[in-house]
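Hydrogens, waters and symmetry mates play no part in the numbers below; they use all other heavy atoms, side chains included. The first residue of the sequence shown is numbered 1, and numbering continues consecutively from there.
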Amino acid sequence: QVQLVESGGGLVQAGGSLRLSCAASARTFSWHGMAWFRQAPGKEREFVASIIGSGGSTYYADSVKGRFTISRDNAKNTMYLQMNSLKPEDTAVYYCASRSYYRNSYYAGEYDYWGQGTQVTVSS
């Protein structure tokens, strides 16, 4: 069982930045592919970014490419999402997810563990 705890959400003006963190309880954190997803009110959960266990490969949704950066520190069992040039349409609850396999994926169904989410609100 892996427990995930997100932090770092908040209210920011358009054009601003936030850094989300996801702390994991996994003993073998580097064996887990990780990802960020988000869900806006009235919309389905959507993929944001993912990272392979070693950190050497990443995927991004087109909507955040060039603005968001996913990273991980396996020594600290923590994943990050640096969000720059935020837009009102980035407003959502952001969830971190972990899968019991080292490769990363775009698909929510391939992740086994989920955090409770952290709210990000971008005002115009």
Review point. Checking side-chain contact (heavy atoms from CB on, under 4.5 Å) for the pair Y94/M83: CA distance, chi angles, key distance, verdict?
Key: CA-CA 12 Å; Y94 284 71; M83 305 186 294; 3.9 Å; yes
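With contacts defined as side-chain heavy-atom distances shorter than 4.5 Å, the pair S98/L4 qualifies. Contact of the L86 side chain with the L18 side chain is registered, since non-hydrogen atoms from C-beta on lie closer than 4.5 Å. Within the 4.5 Å cutoff, side-chain heavy atoms of Q1 are placed close to those of Y113. Side-chain atoms of V93 and T118, non-hydrogen and from C-beta on, never get closer than 4.5 Å to each other. Counting heavy atoms from C-beta on, the side chains of Q82 and S71 never come closer than 4.5 Å.
Taking all atoms of both residues into account, the shortest heavy-atom contact from P88 to A14 is CD-CB, 4.1 Å. Across L11 and S123, no two heavy atoms sit closer than the pair CD1-CB, 4.4 Å. V2 and A24 make their closest contact through CG1-CB, 4.5 Å (heavy atoms, listed as atom of the first residue, atom of the second, distance).
The CD atom of Q39 sits 8.0 Å away from the CD atom of E44 when rounded to the nearest 0.5 Å. Atom OG of S57 is separated from atom CD1 of I51 by 8.5 Å, given to the nearest 0.5 angstrom. Annotation: the span from S21 atom OG to L81 atom CG amounts to 9.5 Å, rounded to 0.5 Å. Expressed to the nearest 0.5 Å, how far CG of N104 lies from OH of Y107 amounts to 12.0 Å. In this structure, M79 CE and M34 CE are separated by 4.0 Å, a value rounded to the nearest 0.5 Å. Rounding to the nearest 0.5 Å gives a distance of 9.0 Å between CZ of R67 and CG of N84.
E110 contributes no side-chain N or O that, together with a main-chain N or O of S105, makes up a donor-acceptor pair within less than 3.5 Å. A donor-acceptor pair under 3.5 Å is absent between the side-chain atoms of S50 and the main chain of A35, judged by distance alone. A donor-acceptor contact shorter than 3.5 Å is absent between the side chain of S30 and the backbone of T28. With hydrogens and angles ignored, the 3.5 Å screen pairs a side-chain donor or acceptor of Y60 with a backbone N or O of I70.
Put simply, V48 and Y59 are part of two different groups of oily side chains (I, L, V, M, F, W, Y) that touch within less than 4.5 Å, one to the next. Transitive grouping of hydrophobic side chains (ILVMFWY, heavy atoms separated by less than 4.5 Å) keeps F47 and L20 in distinct clusters. The cluster map of Ile, Leu, Val, Met, Phe, Trp and Tyr, joined by side-chain heavy atoms under 4.5 Å apart, puts Y111 and F29 in different clusters.
Classification of D90 and K87 as a salt-bridged pair fails, no side-chain N sitting under 4.0 Å from a carboxylate O.
Between F37 and W114, the ring-plane angle classifies as tilted under the 30° and 60° cut-offs.
Annotation: cation-pi pair R38/Y95 absent, no NZ/CZ under 6.0 Å from the ring centroid and within 45° of its normal. Cation-pi contact between R72 and Y80: absent, since separation from the ring centre below 6.0 Å together with deviation from the ring axis within 45° is not met.
Few gaps surround CD on Q119; more than 12 heavy atoms of other groups in view lie less than 6.0 Å from it.
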